[in-house]
Amino acid sequence: MKIAVASENGMVTEHFGHCEGFMIFDTENDKIVKSETIANPGHKPGFLPNFLADRGVNVIISGGMGGGAVEIFNERNVEVVVGASGDAKASVEAYLKGSLKSTGSVCHEHQHHDECGE
């Protein structure tokens, strides 16, 4: 399973679409076996969810995310976990243990629509 974390300096970022990059963790038997960081290729509506799904990502972890991005991930069968914070690797380990749950918080505040992955 591949788990991506929208991150900045190794920490989960609040804004999915404007993160510095994505830490992608390959996991087997609920353990991290490999990780890589890829730069955010740019924020364009609808682009990032497909970009990550095309890389084989099964789960995306972020602080916040816009509804449009959530819908595309759902269409691509990628599990969305929002409301996460703190260390990116620790959030993946918590997810693998079953202790990281999505808050379901989707960004709707459109004064910040450029910051929420919409």
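The basis for the numbers below is simple: all heavy atoms, side chains too, and nothing from hydrogens, waters or symmetry mates.
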Query raised in the report: Under the criterion side-chain contact (heavy atoms from CB on, under 4.5 Å), which of I60, I72, I61 is the partner of V80?
Result: I60

Query raised in the report: Is L100 linked to M23 within one hydrophobic cluster, defined over Ile, Leu, Val, Met, Phe, Trp and Tyr using a side-chain heavy-atom separation of less than 4.5 Å?
Result: yes

Query raised in the report: Other than M11, what residues sit in its cluster of Ile, Leu, Val, Met, Phe, Trp and Tyr side chains whose heavy atoms are under 4.5 Å apart, directly or through others?
Result: none

Report task. Decide whether V12 and V81 are clustered together by the hydrophobic rule: side chain heavy atoms of Ile, Leu, Val, Met, Phe, Trp, Tyr closer than 4.5 Å, transitively. Result -> yes

Query raised in the report: Same cluster for V92 and L52 if Ile/Leu/Val/Met/Phe/Trp/Tyr side chains link at under 4.5 Å?
Result: no

Query - N/O donor-acceptor pair under 3.5 Å between D87 side chain and K89 backbone - result: yes

Query raised in the report: Quick one: are F25 and E93 in side-chain contact, heavy atoms under 4.5 Å?
Result: no

Query raised in the report: Ignoring hydrogens and geometry, is there a side-chain-to-backbone donor-acceptor pair from S62 to A6 under 3.5 Å?
Result: no

Query raised in the report: Can the ring centres of F73 and F16 be said to be less than 6.0 Å apart?
Result: yes

Report summary line: For V33, the hydrophobic cluster (side chain heavy atoms closer than 4.5 Å, chained through members) also holds none

Query - Any residue meeting salt bridge (charged side-chain N to carboxylate O under 4.0 Å, His left out) with E36, in chain and number order, not counting sequence neighbours - result: R55

**Report entry** F47 to G42 - nearest heavy-atom pair and separation
**Finding:** CD2-O, 3.8 Å

Query raised in the report: Between V5 and F22, is any pair of side-chain heavy atoms under 4.5 Å apart?
Result: no

Query - S7/T13 under side-chain contact (heavy atoms from CB on, under 4.5 Å): CA gap, chis, key distance, verdict - result: CA-CA 5 Å; S7 59; T13 186; 5.7 Å; no

Query raised in the report: Does F51 share a hydrophobic cluster with V82, counting links as ILVMFWY side-chain heavy atoms below 4.5 Å and allowing steps through other members?
Result: yes

Query raised in the report: Would a 4.5 Å heavy-atom cut-off, applied to side chains only, mark I24 and I38 as touching?
Result: yes

**Report entry** Criterion side-chain contact (heavy atoms from CB on, under 4.5 Å) on N58 and I3, from CA distance to verdict
**Finding:** CA-CA 6 Å; N58 308 102; I3 302 172; over 6 Å; no

Query raised in the report: In this structure, are over 12 heavy atoms from other groups packed under 6.0 Å from D54 atom CG?
Result: yes

Query raised in the report: Roughly how far, to the nearest 0.5 Å, is the CG atom of N9 from the CD atom of E20?
Result: 5.0 Å

Query - Flag side-chain contact, heavy atom, 4.5 Å: V59 against M1 - result: yes

